[in-house]
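Working notes, beginning with the structure itself.
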Amino acid sequence: VRFCPSIMRGAVAVFGAWAHDSCNRRPTPDACLNGTSCAWSVLAGSCGREDSSAVRRGPPGCCASTSASSTCAHRAGALPDGCCQLPRRGEVAGGFELQEAVRMLHMAGAAYCGKDQVESWSCGEHCSETAGVSNLTYVHDPAARLAGYVAYDSETDSAVVSFRGTVEKAIEDWVHDLSYAKINPISKYPKAGVHHGFWLSWKSLEEHVVAAVSEIMRSRGATHVRVVGHSLGAALATVAAIDLKLSHGWSTSVVNFGSPRVGD
């Protein structure tokens, strides 16, 4: 018996299209699960192939399928109320969350404000658009023109560390003026190179940042640190998040805007 590859490929394509159409024609969860390769998406309110992007991009609790290869959490068409739980703002999710990105953008923008404005959280749009911020501590190194702040964010129950970006000078000037050579300061990853100047800049602020974060964790019970920055501040946020995790054992995450390359 001889098989013709082109005919076989055509047959597979036809079968795949038929299976897709077959799933799409099933109007209810029960009808959908009668198809062995189908899945019901709670978010879409429709039936589709269990390997379709509409099904796979949602949380497992938001779909149902009887397919053995399905990642869906539910195996029956009778889906209980509340079965589809979406992450709340600030929780780690599998994809990009625009609202959270906008909030963190304002957090980064607030770092450009002066000490009095930051500590009173009165720096215009950046502050008014981010309610729930308290326990503010301004950190700075005047000689190196570095600044930022540490705060408690009640919306995410976390500490926030925000670094100011470049002022008066372009990021290219900073890279030129600071020690340009890479160093290997992370003992756990000895082959990881970090821009010497960015590392020294972070170290000049580290003591004050750590003290403020520690106080927030003590007084507020926060267990996570979100680090954010723009431009030079983004570079500092990257190295700070790594160092806070490895040297202090804190859970950290980073949101950066316009970051230069920090190392390799």
Describe, in one word, how the ring planes of Trp250 and His248 are oriented to each other, choosing from parallel (under 30°), tilted (30 to 60°) and perpendicular (over 60°).
parallel
If we check side chain to side chain contact (heavy atoms under 4.5 Å, CB included) with Trp40, which of these qualifies: Cys62, Pro29, Cys23?
Pro29
If we ignore hydrogens and angles and just use 3.5 Å, is the side chain of Arg261 paired with the main-chain N or O of Gly263 as donor and acceptor?
yes
So, do Trp202 and Asp243 sit near enough that their side-chain heavy atoms are less than 4.5 Å apart?
yes
Residue pair Ser204 / Leu146: nearest heavy atoms and the distance that separates them:
OG-CD1, 3.4 Å
Could you measure the distance from the CG atom of Leu105 to the NE2 atom of His230? Nearest 0.5 Å is fine.
8.5 Å
Partner of Ile216 under side chain to side chain contact (heavy atoms under 4.5 Å, CB included), chosen from Val150, Thr137, Leu136
Val150
The salt bridge (Lys or Arg N to Asp or Glu O under 4.0 Å) partners of Asp157 (sequence neighbours excluded) come to none
Tell me whether Tyr152 contacts the main-chain N or O of Val213 through its side chain, where contact means a donor paired with an acceptor under 3.5 Å.
no
Could you pull out all residues at least two apart from Cys123 that satisfy disulfide (SG to SG under 2.5 Å)?
Cys127
For the backbone of Cys63 and the side chain of His74, can you confirm whether one donor and one acceptor N or O come within less than 3.5 Å of each other?
no
Thr130 and His106: side-chain donor and acceptor closer than 3.5 Å?
no
Nearest non-hydrogen partners of Glu119 and Tyr138, listed with the distance:
OE2-N, 3.3 Å
What distance do Leu200 atom CG and Leu205 atom CG have between them, rounded to the nearest 0.5 Å?
11.5 Å
Mind checking whether Val118 and Phe257 sit in one hydrophobic cluster, side chains of I, L, V, M, F, W, Y counted as touching below 4.5 Å?
yes
Any side-chain donor paired with an acceptor under 3.5 Å for Ser67 and Ser65?
no
Measure the shortest side-chain to side-chain distance between Val239 and Val262 over non-hydrogen atoms and say whether it is less than 4.5 angstrom.
yes
Indicate whether the side chain of Ser134 and that of Arg220 have a donor and an acceptor atom separated by less than 3.5 Å.
yes
Give the C-alpha distance, both sets of side-chain angles, the deciding distance and a yes or no for side-chain hydrogen bond (donor to acceptor under 3.5 Å, both in side chains) between Ser158 and Arg226.
CA-CA 7 Å; Ser158 62; Arg226 295 186 302 153; 3.2 Å; yes
Can Phe163 be reached from Leu232 by stepping across I, L, V, M, F, W or Y side chains whose heavy atoms are under 4.5 Å apart?
yes
Consider only side-chain heavy atoms of I, L, V, M, F, W and Y, link residues closer than 4.5 Å, and tell whether Tyr189 and Trp199 are in one cluster.
yes
Is the backbone N or O of His224 less than 3.5 Å from a side-chain atom of Ser251, with the two atoms forming a donor-acceptor pair by type?
no
Got a second to check how far Asn24's CG is from Cys32's SG, nearest 0.5 Å?
9.0 Å
Could you go step by step and tell me if Ser214 and Val210 meet the side-chain contact (heavy atoms from CB on, under 4.5 Å) rule?
CA-CA 6 Å; Ser214 297; Val210 169; 4.0 Å; yes
Rounded to the nearest 0.5 Å, the CG atom of Leu33 sits from the SG atom of Cys38 at a distance of 8.5 Å
Taking ring pair (Phe, Tyr, Trp, His ring centres under 6.0 Å) as the test, write out the residues that go with His208, two or more places apart.
none
So which atom in Ala108 and which in Ser162 form the shortest heavy-atom distance, rounded to 0.1 Å?
CA-OG, 3.5 Å
Between Arg103 and Asp153, does any NZ, NE, NH1 or NH2 come within less than 4.0 Å of an OD or OE carboxylate oxygen?
yes
Distance-only polar pair, side chains of Arg26 and Asn34, donor-acceptor under 3.5 Å:
no
Taking the six-membered ring where the residue is Trp, are the ring centres of Phe198 and His196 under 6.0 Å apart?
no
Please answer: with hydrophobic residues joined when any side-chain heavy atoms are less than 4.5 Å apart, are Ile186 and Leu244 in the same cluster?
yes
Is it the case that the side chains of His126 and Tyr112 hold a donor-acceptor pair, with the cut-off being a distance below 3.5 Å and no angle test?
no
Is there a side-chain contact between Asn135 and Ser219 (heavy atoms, below 4.5 Å)?
yes
Is it true that the side chains of Asn256 and Thr238 contain a donor and an acceptor less than 3.5 Å apart?
yes
Could you tell me whether the side chain of Ser231 and the main chain of Gly165 form a donor-acceptor pair under 3.5 Å?
no
Is there a donor-acceptor pair under 3.5 Å between the side chain of Ser52 and the backbone N or O of Gly48?
no
Say whether, by atom type as modelled, one donor and one acceptor occur between the side chain of Ser70 and the main chain of Cys72 under 3.5 angstrom.
yes
Could you see if Val225 belongs to whatever hydrophobic cluster contains Leu236? Use Ile, Leu, Val, Met, Phe, Trp, Tyr and a side-chain cutoff under 4.5 Å.
yes
